[in-house]
Amino acid sequence: MCRVVTIAVVSRLAYRKGIDLLVEVIPEICARHPNIRWLIGGDGPKREALEQMRYEHELESRVLMLGVFRAMGHPLRIGRPHICYELCV
């Protein structure tokens, strides 16, 4: 049995940050690799597209939407992801 691999993405959920690309590739990656799960932190105009993708591909249990993180005074608590992608620009 394969161990679960967690990929965390923390970003403003916007086109400029490449979130539209995630909407396209997450279903493909999940189909090829059943041991991958996603943690997505942030908010923005592409949140609805991510939510729709989760629903359409039945990935609600594998793509977790964590919402907004405040950088000041609140530590990021997402466990220990294997891959963490943080877009600050």
Side-chain angles (χ1 to χ4, degrees):
M1 187 159 136
C2 296
R3 71 178 184 155
V4 173
V5 174
T6 302
I7 301 172
V9 177
V10 180
S11 176
R12 175 159 166 70
L13 305 180
Y15 176 83
R16 180 176 177 212
K17 302 291 187 168
I19 300 303
D20 56 309
L21 301 175
L22 279 180
V23 170
E24 292 181 31
V25 300
I26 287 176
E28 286 186 42
I29 291 171
C30 287
R32 292 180 187 187
H33 305 281
N35 62 317
I36 290 183
R37 76 176 185 136
W38 298 79
L39 299 175
I40 300 177
D43 198 10
K46 290 293 181 180
R47 181 180 180 93
E48 187 176 319
L50 282 164
E51 295 282 5
Q52 183 176 355
M53 175 271 301
R54 290 173 67 222
Y55 176 75
E56 288 177 0
H57 295 277
E58 299 179 354
L59 295 172
E60 292 94 339
S61 64
R62 294 182 59 196
V63 180
L64 305 177
M65 303 296 292
L66 303 175
V68 177
F69 286 97
R70 301 282 180 224
M72 303 301 288
H74 298 285
L76 181 62
R77 292 195 177 127
I78 56 174
R80 295 183 140 197
H82 295 91
I83 302 169
C84 188
Y85 186 63
E86 185 174 2
L87 292 167
C88 297
V89 179

Practice task
Report the distance from atom NE2 of His33 to atom CD of Glu28, rounding to the nearest 0.5 Å.
Solution key: 10.5 Å
Exercise for the section: Using the side chain to side chain contact (heavy atoms under 4.5 Å, CB included) rule, take Leu50 and Ile19 through it: C-alpha gap first, then chi angles, then the decisive distance, then the call. Expected result: CA-CA 8 Å; Leu50 282 164; Ile19 300 303; 3.6 Å; yes
Problem - Side-chain (Asp43) to main-chain (Gly67) donor-acceptor, under 3.5 angstrom - result: no
Practice task
Please report the closest heavy-atom contact between Cys30 and Leu59, naming both atoms and the distance.
Solution key: CB-CD2, 3.9 Å
Problem - Contact summary for His57 and Pro27, nearest pair of heavy atoms - result: CD2-CG, 3.6 Å
Practice task
Drop me the distance from Glu48's CD to Met53's CE, to the nearest 0.5 angstrom.
Solution key: 13.0 Å
Handout entry: Flag side-chain contact, heavy atom, 4.5 Å: Asp20 against Val23
Key = no
Practice task
Check Pro45 against Arg12 and note the closest heavy-atom contact, atom names and distance.
Solution key: CD-NH2, 3.5 Å
Handout entry: hydrophobic_cluster_shared for Val5 and Val63, side chain cutoff 4.5 Å
Key = yes
Exercise for the section: Kindly indicate whether the side chain of Tyr55, heavy atoms from C-beta on, has any atom under 4.5 Å from the side chain of Glu60. Expected result: yes
Problem - Within 6.0 angstrom of Glu56 CD, more than 12 heavy atoms from elsewhere - result: yes
Completion exercise
In this structure, CD1 of Ile26 is separated from CZ of Arg37 (nearest 0.5 Å) by 13.5 Å
Exercise for the section: Using a 4.5 Å cut-off on heavy atoms from C-beta on, say whether the side chain of Leu13 contacts that of Met65. Expected result: yes
Handout entry: Ile29 side chain reached by Trp38 side chain, heavy atoms, under 4.5 Å
Key = yes
Handout entry: Side-chain touch Thr6/Leu39, heavy atoms, less than 4.5 angstrom
Key = yes
